[in-house]
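The chains referred to below are lettered A, B, ... by the order of the sequence lines, with proteins before strands, and numbering in each begins at 1.
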Amino acid sequence: MLDIKFLRENPDIVKQNIKNKFQEEKLPLVDEVIELDEKARKAQQEADNLRASRKKISKEIGALMAQGKKEEADAKKEEVSKNAKRLEELSNQEKELQEKVKKIMMVIPNIIDKSVPIGKDDSENVEIEKFGEPVVPAFEIPYHTEIMEKFNGIDIDAAGKVAGNGFYYLMGDIARLHSAIISYARDFMIDKGFTYCIPPFMIRSNVVTGVMSFAEMDSMMYKIEGEDLYLIGTSEHSMIGKFIDTITDEKELPKTLTSYSPCFRKEKGAHGIEERGVYRIHQFEKQEMIVVCRPEESPVWFEKLWKNTVGLFSSLDIPVRTLECCSGDLADLKVKSIDVEAWSPRQKKYFEVGSCSNLGDAQARRLQIRIRKEDGSKYFAHTLNNTVVAPPRMLIAFLENNLMEDGNVHIPEVLRPYMGGKEFLGQ
RNA sequence: GGAGAGAUAUCGAAGUGGUCAUAACGAGGCGGUCUUGAAAACCGUUUGCCUUCACGGGCACGUGGGUUCGAAUCCCACUCUCUCCGCCA
(Lines give C-alpha, C1' and ligand atoms only; values in the text may rest on other atoms or scores of the structure.)
Protein backbone atom coordinates (compact mmCIF):
# COMPACT_ATOMS: atom_id res chain seq x y z
CA MET A 1 0.00 0.00 0.00
CA LEU A 2 1.28 3.42 -0.95
CA ASP A 3 1.23 6.53 1.16
CA ILE A 4 -1.72 8.63 -0.02
CA LYS A 5 0.45 11.72 0.33
CA PHE A 6 2.98 10.23 -2.05
CA LEU A 7 0.23 9.43 -4.56
CA ARG A 8 -1.22 12.92 -4.23
CA GLU A 9 2.13 14.51 -4.99
CA ASN A 10 3.34 12.00 -7.59
CA PRO A 11 0.35 10.77 -9.58
CA ASP A 12 2.46 10.39 -12.71
CA ILE A 13 4.94 8.06 -11.02
CA VAL A 14 2.08 5.95 -9.72
CA LYS A 15 0.46 5.81 -13.15
CA GLN A 16 3.69 4.89 -14.90
CA ASN A 17 4.21 2.14 -12.32
CA ILE A 18 0.73 0.77 -13.06
CA LYS A 19 1.57 0.76 -16.78
CA ASN A 20 4.85 -1.00 -16.06
CA LYS A 21 2.87 -3.72 -14.35
CA PHE A 22 0.44 -4.03 -17.27
CA GLN A 23 -2.58 -3.19 -15.12
CA GLU A 24 -4.03 -0.46 -17.36
CA GLU A 25 -7.50 -1.12 -15.93
CA LYS A 26 -6.32 0.45 -12.67
CA LEU A 27 -5.18 3.74 -14.24
CA PRO A 28 -8.45 5.64 -13.65
CA LEU A 29 -8.25 4.76 -9.96
CA VAL A 30 -5.42 7.22 -9.44
CA ASP A 31 -7.42 10.32 -10.34
CA GLU A 32 -10.47 8.87 -8.64
CA VAL A 33 -8.68 8.38 -5.35
CA ILE A 34 -7.15 11.86 -5.46
CA GLU A 35 -10.62 13.33 -5.82
CA LEU A 36 -12.12 11.15 -3.09
CA ASP A 37 -9.26 11.99 -0.77
CA GLU A 38 -9.77 15.70 -1.30
CA LYS A 39 -13.47 15.40 -0.55
CA ALA A 40 -12.71 13.31 2.52
CA ARG A 41 -10.33 15.92 3.89
CA LYS A 42 -12.81 18.69 3.23
CA ALA A 43 -15.54 16.79 5.04
CA GLN A 44 -13.19 16.14 7.93
CA GLN A 45 -12.29 19.79 8.26
CA GLU A 46 -15.87 20.92 8.31
CA ALA A 47 -16.86 18.16 10.73
CA ASP A 48 -13.91 18.99 12.98
CA ASN A 49 -15.05 22.59 13.17
CA LEU A 50 -18.54 21.54 14.17
CA ARG A 51 -17.14 19.14 16.76
CA ALA A 52 -15.00 21.92 18.17
CA SER A 53 -18.00 24.19 18.59
CA ARG A 54 -20.09 21.42 20.11
CA LYS A 55 -17.34 20.67 22.57
CA LYS A 56 -17.09 24.29 23.57
CA ILE A 57 -20.83 24.76 24.03
CA SER A 58 -21.18 21.51 25.94
CA LYS A 59 -18.62 22.75 28.40
CA GLU A 60 -20.58 25.96 28.81
CA ILE A 61 -23.74 23.97 29.47
CA GLY A 62 -21.93 22.08 32.17
CA ALA A 63 -20.89 25.33 33.82
CA LEU A 64 -24.43 26.74 33.63
CA MET A 65 -25.94 23.57 35.08
CA ALA A 66 -23.51 23.74 37.97
CA GLN A 67 -24.70 27.25 38.68
CA GLY A 68 -28.30 26.13 38.46
CA LYS A 69 -29.07 28.32 35.45
CA LYS A 70 -31.27 25.74 33.82
CA GLU A 71 -33.00 27.97 31.33
CA GLU A 72 -29.81 29.36 29.89
CA ALA A 73 -28.46 25.83 29.63
CA ASP A 74 -31.54 24.73 27.70
CA ALA A 75 -31.01 27.57 25.27
CA LYS A 76 -27.47 26.40 24.68
CA LYS A 77 -28.69 22.86 24.11
CA GLU A 78 -30.89 24.15 21.36
CA GLU A 79 -27.85 25.73 19.76
CA VAL A 80 -26.01 22.41 19.63
CA SER A 81 -29.02 20.58 18.25
CA LYS A 82 -29.10 22.94 15.30
CA ASN A 83 -25.77 21.58 14.05
CA ALA A 84 -26.32 17.99 15.07
CA LYS A 85 -27.86 16.92 11.79
CA ARG A 86 -25.19 18.51 9.65
CA LEU A 87 -22.47 16.99 11.81
CA GLU A 88 -23.94 13.52 11.51
CA GLU A 89 -24.17 13.94 7.78
CA LEU A 90 -20.55 15.04 7.57
CA SER A 91 -19.34 12.27 9.88
CA ASN A 92 -20.95 9.65 7.70
CA GLN A 93 -19.58 11.28 4.59
CA GLU A 94 -16.12 11.43 6.12
CA LYS A 95 -16.20 7.77 7.10
CA GLU A 96 -17.58 6.63 3.79
CA LEU A 97 -15.05 8.63 1.76
CA GLN A 98 -12.14 7.46 3.86
CA GLU A 99 -13.22 3.85 3.42
CA LYS A 100 -13.43 4.31 -0.33
CA VAL A 101 -9.98 5.87 -0.40
CA LYS A 102 -8.55 2.98 1.60
CA LYS A 103 -10.21 0.40 -0.60
CA ILE A 104 -8.66 1.90 -3.71
CA MET A 105 -5.28 2.37 -2.05
CA MET A 106 -5.29 -1.34 -1.22
CA VAL A 107 -5.36 -2.29 -4.90
CA ILE A 108 -2.93 0.28 -6.26
CA PRO A 109 0.35 -1.60 -6.66
CA ASN A 110 3.49 -0.74 -4.75
CA ILE A 111 6.19 1.14 -6.68
CA ILE A 112 8.54 -1.46 -8.11
CA ASP A 113 12.30 -1.15 -7.77
CA LYS A 114 14.21 0.47 -10.63
CA SER A 115 16.06 -2.80 -11.19
CA VAL A 116 12.92 -4.84 -11.88
CA PRO A 117 12.74 -5.89 -15.55
CA ILE A 118 9.57 -4.83 -17.36
CA GLY A 119 7.56 -7.80 -18.60
CA LYS A 120 4.00 -9.01 -18.87
CA ASP A 121 4.08 -12.36 -17.09
CA ASP A 122 6.31 -15.13 -15.75
CA SER A 123 7.53 -15.98 -19.24
CA GLU A 124 9.48 -12.71 -19.18
CA ASN A 125 11.28 -13.32 -15.91
CA VAL A 126 15.03 -12.95 -16.21
CA GLU A 127 17.71 -15.41 -15.17
CA ILE A 128 20.32 -13.73 -13.02
CA GLU A 129 22.90 -16.28 -11.99
CA LYS A 130 23.55 -20.04 -11.88
CA PHE A 131 25.13 -21.83 -8.97
CA GLY A 132 26.52 -25.34 -9.40
CA GLU A 133 26.69 -27.48 -12.55
CA PRO A 134 23.30 -28.53 -13.92
CA VAL A 135 24.28 -32.12 -14.62
CA VAL A 136 22.23 -34.49 -16.79
CA PRO A 137 23.29 -38.02 -15.88
CA ALA A 138 23.61 -40.82 -18.43
CA PHE A 139 20.84 -42.83 -16.79
CA GLU A 140 17.17 -41.92 -16.76
CA ILE A 141 15.75 -40.12 -13.72
CA PRO A 142 12.26 -41.34 -12.80
CA TYR A 143 9.40 -39.10 -11.66
CA HIS A 144 9.89 -38.11 -8.03
CA THR A 145 6.94 -40.12 -6.77
CA GLU A 146 8.48 -43.22 -8.33
CA ILE A 147 11.74 -42.64 -6.51
CA MET A 148 9.82 -42.16 -3.27
CA GLU A 149 7.75 -45.29 -3.87
CA LYS A 150 10.93 -47.30 -4.28
CA PHE A 151 11.68 -46.48 -0.68
CA ASN A 152 8.04 -47.03 0.39
CA GLY A 153 8.13 -43.35 1.18
CA ILE A 154 4.86 -41.99 -0.17
CA ASP A 155 1.17 -42.88 -0.28
CA ILE A 156 -0.83 -40.47 -2.38
CA ASP A 157 -3.79 -42.84 -2.82
CA ALA A 158 -4.46 -43.10 0.89
CA ALA A 159 -4.08 -39.34 1.27
CA GLY A 160 -6.64 -38.92 -1.49
CA LYS A 161 -9.14 -41.04 0.40
CA VAL A 162 -8.45 -39.32 3.69
CA ALA A 163 -8.12 -35.68 2.63
CA GLY A 164 -8.56 -35.53 -1.12
CA ASN A 165 -6.36 -34.42 -3.97
CA GLY A 166 -3.34 -32.32 -3.03
CA PHE A 167 -2.34 -34.18 0.11
CA TYR A 168 0.26 -36.84 0.80
CA TYR A 169 1.54 -39.35 3.30
CA LEU A 170 5.32 -39.37 3.59
CA MET A 171 6.69 -42.46 5.26
CA GLY A 172 9.84 -44.09 6.49
CA ASP A 173 13.13 -42.66 5.29
CA ILE A 174 11.44 -40.16 2.98
CA ALA A 175 9.49 -38.73 5.92
CA ARG A 176 12.66 -38.74 7.97
CA LEU A 177 14.51 -36.98 5.16
CA HIS A 178 11.78 -34.37 5.14
CA SER A 179 12.20 -33.70 8.86
CA ALA A 180 15.98 -33.80 8.52
CA ILE A 181 15.91 -31.07 5.90
CA ILE A 182 13.69 -28.87 8.06
CA SER A 183 15.95 -29.37 11.07
CA TYR A 184 19.08 -28.77 9.03
CA ALA A 185 17.57 -25.63 7.51
CA ARG A 186 16.60 -24.37 10.97
CA ASP A 187 20.15 -24.82 12.26
CA PHE A 188 21.60 -23.35 9.06
CA MET A 189 19.65 -20.14 9.71
CA ILE A 190 20.36 -20.09 13.43
CA ASP A 191 24.05 -20.20 12.49
CA LYS A 192 23.46 -17.11 10.32
CA GLY A 193 22.28 -15.29 13.43
CA PHE A 194 18.53 -15.58 12.87
CA THR A 195 16.20 -16.18 15.81
CA TYR A 196 14.22 -19.40 15.60
CA CYS A 197 10.49 -19.04 16.03
CA ILE A 198 7.36 -21.19 15.90
CA PRO A 199 4.37 -18.96 15.16
CA PRO A 200 0.60 -19.43 15.24
CA PHE A 201 -0.65 -21.43 12.25
CA MET A 202 -3.87 -19.47 12.04
CA ILE A 203 -4.33 -15.71 11.81
CA ARG A 204 -7.14 -13.18 11.91
CA SER A 205 -8.50 -11.44 8.84
CA ASN A 206 -6.94 -8.07 9.70
CA VAL A 207 -3.51 -9.70 9.57
CA VAL A 208 -4.36 -11.46 6.32
CA THR A 209 -5.32 -8.24 4.58
CA GLY A 210 -2.22 -6.61 6.02
CA VAL A 211 0.30 -9.03 4.63
CA MET A 212 -1.02 -9.87 1.18
CA SER A 213 -2.94 -8.50 -1.75
CA PHE A 214 -6.59 -9.40 -2.32
CA ALA A 215 -5.69 -11.47 -5.36
CA GLU A 216 -3.29 -13.58 -3.32
CA MET A 217 -5.78 -13.90 -0.47
CA ASP A 218 -8.53 -15.20 -2.70
CA SER A 219 -6.41 -17.83 -4.41
CA MET A 220 -4.48 -18.98 -1.34
CA MET A 221 -6.17 -18.74 2.03
CA TYR A 222 -8.35 -21.32 3.76
CA LYS A 223 -10.91 -19.80 6.12
CA ILE A 224 -12.08 -21.46 9.32
CA GLU A 225 -15.84 -21.70 9.23
CA GLY A 226 -17.72 -19.56 11.71
CA GLU A 227 -14.60 -17.87 13.08
CA ASP A 228 -12.45 -14.94 12.12
CA LEU A 229 -9.47 -17.19 11.42
CA TYR A 230 -7.50 -18.27 8.39
CA LEU A 231 -4.93 -21.06 8.02
CA ILE A 232 -1.61 -19.48 7.18
CA GLY A 233 -0.25 -19.89 3.65
CA THR A 234 3.26 -19.35 4.99
CA SER A 235 4.70 -18.43 8.36
CA GLU A 236 5.63 -15.06 6.85
CA HIS A 237 2.00 -14.15 7.53
CA SER A 238 2.09 -14.72 11.27
CA MET A 239 5.71 -13.58 11.54
CA ILE A 240 5.10 -10.17 9.97
CA GLY A 241 1.81 -10.06 11.86
CA LYS A 242 3.83 -10.39 15.06
CA PHE A 243 4.81 -6.75 14.65
CA ILE A 244 1.30 -5.41 14.05
CA ASP A 245 0.70 -2.05 15.72
CA THR A 246 4.15 -1.80 17.25
CA ILE A 247 6.71 0.96 17.57
CA THR A 248 10.24 -0.42 17.78
CA ASP A 249 13.31 1.57 18.74
CA GLU A 250 15.62 1.90 15.79
CA LYS A 251 18.55 0.53 17.74
CA GLU A 252 16.75 -2.82 18.05
CA LEU A 253 16.81 -3.29 14.28
CA PRO A 254 17.20 -5.33 12.24
CA LYS A 255 14.85 -8.08 13.40
CA THR A 256 15.99 -11.29 11.74
CA LEU A 257 13.80 -14.31 12.35
CA THR A 258 13.57 -17.81 10.95
CA SER A 259 10.33 -19.65 11.46
CA TYR A 260 8.92 -23.12 10.94
CA SER A 261 5.33 -23.83 10.05
CA PRO A 262 3.02 -25.96 8.02
CA CYS A 263 1.54 -23.97 5.12
CA PHE A 264 -1.97 -24.33 3.72
CA ARG A 265 -2.89 -23.18 0.24
CA LYS A 266 -6.00 -23.51 -1.85
CA GLU A 267 -3.96 -23.36 -5.06
CA LYS A 268 -6.89 -22.21 -7.14
CA GLY A 269 -6.26 -22.62 -10.84
CA ALA A 270 -5.25 -25.27 -13.32
CA HIS A 271 -2.43 -27.68 -12.55
CA GLY A 272 -0.31 -29.16 -15.29
CA ILE A 273 1.15 -32.62 -15.59
CA GLU A 274 4.41 -31.53 -13.96
CA GLU A 275 2.51 -30.61 -10.84
CA ARG A 276 1.59 -34.15 -9.83
CA GLY A 277 3.05 -35.73 -6.73
CA VAL A 278 4.27 -33.36 -4.09
CA TYR A 279 5.02 -30.41 -6.37
CA ARG A 280 1.85 -28.41 -5.78
CA ILE A 281 -0.13 -29.41 -2.71
CA HIS A 282 -2.62 -27.99 -0.24
CA GLN A 283 -0.41 -28.60 2.77
CA PHE A 284 3.34 -28.47 3.09
CA GLU A 285 5.98 -27.50 5.61
CA LYS A 286 8.41 -24.70 5.32
CA GLN A 287 11.32 -23.03 7.02
CA GLU A 288 11.08 -19.31 6.37
CA MET A 289 13.15 -16.22 7.08
CA ILE A 290 11.87 -12.70 7.60
CA VAL A 291 13.57 -9.39 8.22
CA VAL A 292 12.22 -6.11 9.59
CA CYS A 293 14.74 -3.34 8.95
CA ARG A 294 15.41 0.29 8.14
CA PRO A 295 14.40 1.35 4.61
CA GLU A 296 17.94 2.10 3.51
CA GLU A 297 19.06 -1.39 4.55
CA SER A 298 16.39 -3.43 2.78
CA PRO A 299 18.28 -3.80 -0.55
CA VAL A 300 21.29 -5.19 1.30
CA TRP A 301 19.12 -7.60 3.27
CA PHE A 302 17.40 -8.67 0.09
CA GLU A 303 20.75 -9.82 -1.32
CA LYS A 304 21.69 -11.56 1.93
CA LEU A 305 18.39 -13.39 2.12
CA TRP A 306 18.37 -15.07 -1.26
CA LYS A 307 22.04 -15.95 -0.87
CA ASN A 308 21.11 -17.90 2.26
CA THR A 309 18.80 -20.11 0.23
CA VAL A 310 21.37 -20.56 -2.51
CA GLY A 311 23.91 -21.48 0.17
CA LEU A 312 21.62 -24.06 1.70
CA PHE A 313 20.88 -25.78 -1.60
CA SER A 314 24.53 -25.73 -2.61
CA SER A 315 25.46 -27.42 0.66
CA LEU A 316 23.10 -30.24 -0.37
CA ASP A 317 24.69 -30.59 -3.82
CA ILE A 318 21.66 -29.19 -5.62
CA PRO A 319 22.38 -26.80 -8.53
CA VAL A 320 20.20 -23.70 -8.47
CA ARG A 321 19.69 -20.47 -10.33
CA THR A 322 18.12 -17.15 -9.45
CA LEU A 323 15.34 -15.72 -11.54
CA GLU A 324 14.25 -12.12 -11.26
CA CYS A 325 10.49 -11.58 -11.26
CA CYS A 326 9.48 -9.15 -14.02
CA SER A 327 7.08 -6.28 -13.34
CA GLY A 328 3.95 -8.09 -14.50
CA ASP A 329 4.66 -11.19 -12.42
CA LEU A 330 5.33 -9.23 -9.24
CA ALA A 331 2.56 -9.28 -6.62
CA ASP A 332 1.07 -5.83 -5.96
CA LEU A 333 2.63 -5.40 -2.54
CA LYS A 334 6.17 -6.23 -3.63
CA VAL A 335 9.01 -3.90 -4.58
CA LYS A 336 11.26 -6.64 -5.88
CA SER A 337 11.30 -10.41 -5.88
CA ILE A 338 13.68 -13.19 -6.88
CA ASP A 339 12.79 -16.85 -7.24
CA VAL A 340 15.35 -19.47 -6.36
CA GLU A 341 14.97 -22.40 -8.73
CA ALA A 342 16.48 -25.87 -8.36
CA TRP A 343 17.80 -27.95 -11.22
CA SER A 344 15.73 -30.91 -12.33
CA PRO A 345 17.92 -33.41 -14.20
CA ARG A 346 14.77 -35.27 -15.18
CA GLN A 347 13.03 -32.29 -16.82
CA LYS A 348 16.36 -30.74 -17.81
CA LYS A 349 15.20 -27.40 -16.54
CA TYR A 350 14.96 -25.40 -13.34
CA PHE A 351 11.84 -25.21 -11.16
CA GLU A 352 10.82 -22.91 -8.32
CA VAL A 353 11.76 -23.92 -4.80
CA GLY A 354 11.79 -20.55 -3.05
CA SER A 355 10.90 -16.93 -3.37
CA CYS A 356 12.66 -13.91 -1.88
CA SER A 357 10.78 -10.61 -1.64
CA ASN A 358 11.30 -7.05 -0.54
CA LEU A 359 7.94 -5.53 0.37
CA GLY A 360 9.27 -2.06 1.06
CA ASP A 361 7.02 -0.34 3.58
CA ALA A 362 3.76 -1.71 2.12
CA GLN A 363 3.11 -4.37 4.77
CA ALA A 364 4.39 -2.04 7.48
CA ARG A 365 1.94 0.69 6.46
CA ARG A 366 -1.00 -1.71 6.38
CA LEU A 367 -0.06 -3.23 9.73
CA GLN A 368 1.27 -0.06 11.38
CA ILE A 369 4.76 -1.44 11.99
CA ARG A 370 6.72 1.64 12.97
CA ILE A 371 10.24 2.49 14.00
CA ARG A 372 11.21 5.25 16.39
CA LYS A 373 14.41 7.11 15.70
CA GLU A 374 16.62 8.36 18.50
CA ASP A 375 15.24 11.90 18.01
CA GLY A 376 11.71 10.56 18.60
CA SER A 377 10.49 10.76 15.00
CA LYS A 378 8.84 7.71 13.46
CA TYR A 379 8.72 5.94 10.12
CA PHE A 380 7.43 2.68 8.63
CA ALA A 381 9.81 -0.27 8.61
CA HIS A 382 10.72 -2.28 5.54
CA THR A 383 9.85 -5.97 5.56
CA LEU A 384 11.38 -8.84 3.62
CA ASN A 385 10.80 -12.56 3.47
CA ASN A 386 12.38 -15.56 1.85
CA THR A 387 12.00 -19.30 1.76
CA VAL A 388 14.79 -21.21 3.43
CA VAL A 389 13.35 -24.47 2.25
CA ALA A 390 9.96 -26.09 1.70
CA PRO A 391 10.76 -29.79 1.91
CA PRO A 392 8.01 -31.59 0.06
CA ARG A 393 8.84 -29.67 -3.08
CA MET A 394 12.56 -29.52 -2.43
CA LEU A 395 12.56 -33.31 -1.96
CA ILE A 396 11.96 -33.51 -5.69
CA ALA A 397 15.19 -31.63 -6.36
CA PHE A 398 16.98 -33.50 -3.64
CA LEU A 399 16.05 -36.96 -4.87
CA GLU A 400 16.63 -36.18 -8.54
CA ASN A 401 20.05 -34.64 -7.98
CA ASN A 402 21.31 -37.16 -5.45
CA LEU A 403 19.96 -40.27 -7.18
CA MET A 404 22.70 -42.67 -8.31
CA GLU A 405 22.69 -45.08 -11.18
CA ASP A 406 22.16 -48.09 -8.86
CA GLY A 407 18.92 -46.53 -7.56
CA ASN A 408 20.35 -45.44 -4.24
CA VAL A 409 20.10 -41.84 -3.06
CA HIS A 410 23.23 -40.26 -1.72
CA ILE A 411 22.89 -38.23 1.49
CA PRO A 412 25.20 -35.20 1.59
CA GLU A 413 27.46 -35.03 4.60
CA VAL A 414 25.76 -32.04 6.25
CA LEU A 415 22.47 -33.91 6.41
CA ARG A 416 23.78 -37.17 7.85
CA PRO A 417 23.65 -36.12 11.50
CA TYR A 418 19.91 -35.63 11.01
CA MET A 419 19.55 -39.03 9.26
CA GLY A 420 21.11 -41.25 11.87
CA GLY A 421 24.50 -41.08 10.17
CA LYS A 422 23.31 -42.81 6.99
CA GLU A 423 25.25 -42.26 3.78
CA PHE A 424 22.47 -43.59 1.57
CA LEU A 425 18.71 -43.65 1.81
CA GLY A 426 17.27 -47.07 2.69
CA GLN A 427 20.64 -48.14 4.01
C1' G B 1 -17.99 -25.32 28.02
C1' G B 2 -19.81 -22.92 33.10
C1' A B 3 -19.15 -18.87 36.97
C1' G B 4 -16.79 -14.40 38.35
C1' A B 5 -13.30 -10.17 37.88
C1' G B 6 -10.85 -6.91 34.77
C1' A B 7 -8.72 -3.83 30.23
C1' U B 8 -6.91 4.08 31.51
C1' A B 9 0.33 6.66 29.31
C1' U B 10 6.71 2.86 29.95
C1' C B 11 4.71 0.18 34.53
C1' G B 12 1.32 0.25 38.94
C1' A B 13 -2.99 2.94 39.65
C1' A B 14 -7.05 7.03 40.77
C1' G B 15 -11.19 8.81 38.24
C1' U B 16 -18.28 5.85 38.13
C1' G B 17 -22.19 11.78 33.42
C1' G B 18 -19.67 18.22 32.79
C1' U B 19 -15.12 22.97 35.61
C1' C B 20 -9.49 15.79 36.27
C1' A B 21 -7.19 13.57 30.29
C1' U B 22 -0.74 17.07 27.54
C1' A B 23 -4.83 11.73 32.64
C1' A B 24 -4.40 12.68 40.26
C1' C B 25 -0.89 9.68 43.10
C1' G B 26 3.39 6.23 43.03
C1' A B 27 7.38 4.01 40.25
C1' G B 28 10.60 3.92 35.98
C1' G B 29 13.21 6.73 31.88
C1' C B 30 15.58 11.32 30.37
C1' G B 31 17.76 16.37 31.57
C1' G B 32 19.50 19.40 35.58
C1' U B 33 20.99 21.19 40.84
C1' C B 34 23.95 19.29 44.83
C1' U B 35 28.47 15.77 45.26
C1' U B 36 35.55 14.10 44.39
C1' G B 37 32.11 10.18 42.31
C1' A B 38 27.69 7.62 43.50
C1' A B 39 23.32 7.30 46.49
C1' A B 40 19.69 10.39 48.69
C1' A B 41 17.11 14.92 48.14
C1' C B 42 15.22 18.71 45.05
C1' C B 43 13.66 21.01 40.10
C1' G B 44 12.13 20.04 35.19
C1' U B 45 10.62 16.58 31.41
C1' U B 46 8.25 11.93 29.46
C1' U B 47 1.35 8.98 24.37
C1' G B 48 -0.16 8.24 19.54
C1' C B 49 -3.04 9.39 15.07
C1' C B 50 -5.63 12.68 11.43
C1' U B 51 -5.90 17.62 9.39
C1' U B 52 -3.54 22.56 8.37
C1' C B 53 1.79 26.35 4.60
C1' A B 54 1.19 27.98 9.53
C1' C B 55 -1.62 29.48 13.88
C1' G B 56 -4.85 26.11 15.26
C1' G B 57 -8.53 22.17 15.30
C1' G B 58 -10.19 17.14 15.84
C1' C B 59 -9.84 11.86 17.39
C1' A B 60 -8.23 7.99 20.81
C1' C B 61 -9.47 5.41 28.29
C1' G B 62 -9.36 -2.82 24.79
C1' U B 63 -12.55 -2.74 19.72
C1' G B 64 -17.22 -1.46 17.38
C1' G B 65 -22.07 0.48 18.04
C1' G B 66 -25.97 3.08 21.11
C1' U B 67 -28.13 6.75 24.82
C1' U B 68 -27.00 12.19 25.86
C1' C B 69 -26.30 19.05 24.64
C1' G B 70 -21.98 16.35 26.77
C1' A B 71 -19.44 9.40 27.91
C1' A B 72 -13.38 6.69 30.72
C1' U B 73 -18.05 6.84 33.51
C1' C B 74 -24.71 4.44 31.45
C1' C B 75 -26.56 0.41 27.65
C1' C B 76 -25.46 -3.54 23.72
C1' A B 77 -22.04 -6.66 20.97
C1' C B 78 -17.16 -8.39 20.27
C1' U B 79 -11.79 -9.23 21.57
C1' C B 80 -8.20 -10.16 25.09
C1' U B 81 -6.31 -11.06 30.25
C1' C B 82 -6.83 -13.13 35.21
C1' U B 83 -9.29 -16.53 39.06
C1' C B 84 -12.31 -20.90 40.06
C1' C B 85 -14.84 -25.35 38.01
C1' G B 86 -15.19 -28.90 33.92
C1' C B 87 -12.61 -31.12 29.76
C1' C B 88 -7.96 -32.05 27.51
C1' A B 89 -2.16 -33.14 24.37
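At the heavy-atom level, A/I61 lies under 4.0 Å from base atoms of the strands shown. Residue-level contact check: A/K85 touches neither bases nor backbone, having no heavy atom under 4.0 Å from any strand. Within the 4.0 angstrom heavy-atom criterion, no nucleotide atom of any strand lies near A/K42.
Distance, A/E46 CD to B/U52 C1': 16 Å, rounded to whole Å. One atom, CG of A/D245, and another, P of B/U79, lie 19 Å apart when rounded to the nearest Å. Atom CG of A/L50 is separated from atom C1' of B/G58 by 11 Å (rounded to the nearest Å). Between the C1' atom of B/G48 and the CD1 atom of A/I369 lies a distance of 17 Å, rounded to the nearest Å. In this structure, A/I244 atom CD1 and B/G62 atom C1' are separated by 14 Å, rounded to whole Å. Taking atom CD on A/Q98 and atom P on B/C49, their separation rounds to 16 Å, with Å as the unit. Put simply, CG on A/D3 is 14 Å from C1' on B/C49, counting in whole angstrom units. Rounded to an integer number of Å, the gap from CZ of A/R41 to P of B/G57 is 20 Å.
Ranked by how close their nearest RNA chain B nucleotide is to the 5' end, A/Q368 and A/K56 are led by A/Q368. For the pair A/E60 and A/R372, nearest-nucleotide mapping onto RNA chain B gives the more 5' position to A/E60.
Using a cutoff of 4.0 Å between basic side-chain nitrogens and carboxylate oxygens, A/D31 and A/K15 are scored as salt-bridged. Salt-bridge annotation for A/E250 and A/K373: absent, with no side-chain N of the basic residue lying under 4.0 Å from a carboxylate O of the acidic one. Using a cut-off of 4.0 Å between Lys/Arg side-chain N and Asp/Glu carboxylate O, A/K120 and A/D329 are scored as not salt-bridged. Under the 4.0 Å criterion applied to side-chain N and carboxylate O atoms, A/R51 and A/E94 are assigned as salt-bridge partners. Ionic pairing of A/K26 and A/D332 is present here: one or more N-O contacts between side-chain nitrogen and carboxylate oxygen are shorter than 4.0 angstrom. With salt bridges taken as basic N to acidic carboxylate O contacts below 4.0 Å, none links A/K85 and A/E89.
Residue A/D48 places no side-chain atom within donor-acceptor reach of the base of B/G58, judged by atom type and a 3.5 Å distance cut-off alone.
The pairing partner recorded for B/U45 is B/G29, the criterion being a Watson-Crick or G-U wobble arrangement whose two distances lie under 3.5 angstrom. Both distances falling under 3.5 Å, in either a Watson-Crick or a G-U wobble arrangement, occur for no nucleotide opposite B/C55. In this entry B/C88 has no Watson-Crick or G-U wobble partner, no candidate having both defining distances under 3.5 Å. Using N1 to N3 plus N6-O4 or O6-N4 for Watson-Crick, or N1-O2 and O6-N3 for G-U wobble, each under 3.5 Å, B/G18 pairs with B/C69. The partner of B/A3 is B/U83, by the rule that a Watson-Crick or G-U pair needs both atom distances under 3.5 Å. With a cut-off of 3.5 Å on both Watson-Crick or G-U wobble distances, the partner of B/A38 is given as none.
Side chain of A/Q44, nearest nucleotide from B/U79, B/U19, B/U51: B/U51. In the set B/C49, B/U52, B/U19, the nucleotide with an atom closest to the side chain of A/K59 is B/U19. Closest contact between the side chain of A/K55 and the listed nucleotides B/G58, B/U52, B/G70 involves B/G58. Candidate nucleotides B/U51, B/G48, B/G58 were compared by shortest atom distance to the side chain of A/A52, and B/G58 ranks first. Checking B/C50, B/C69, B/U52 against the side-chain heavy atoms of A/S58 singles out B/C69 as nearest. Listed candidates were B/U52, B/G57, B/G65. Nearest to the side chain of A/K95 is B/G65. When the nucleotides B/G58, B/G48, B/G57 are ranked by their closest atom to the side chain of A/N49, B/G57 comes out on top. Considering only the side chain of A/R204, B/C80 comes nearest among B/U51, B/C49, B/C80.
Glycosidic conformation at B/C20 (O4'-C1'-N9-C4 for purines, O4'-C1'-N1-C2 for pyrimidines): syn, within 90° of 0.
Taking the ring centroids of A/F167 and A/H282, they lie under the 6.0 Å cut-off.
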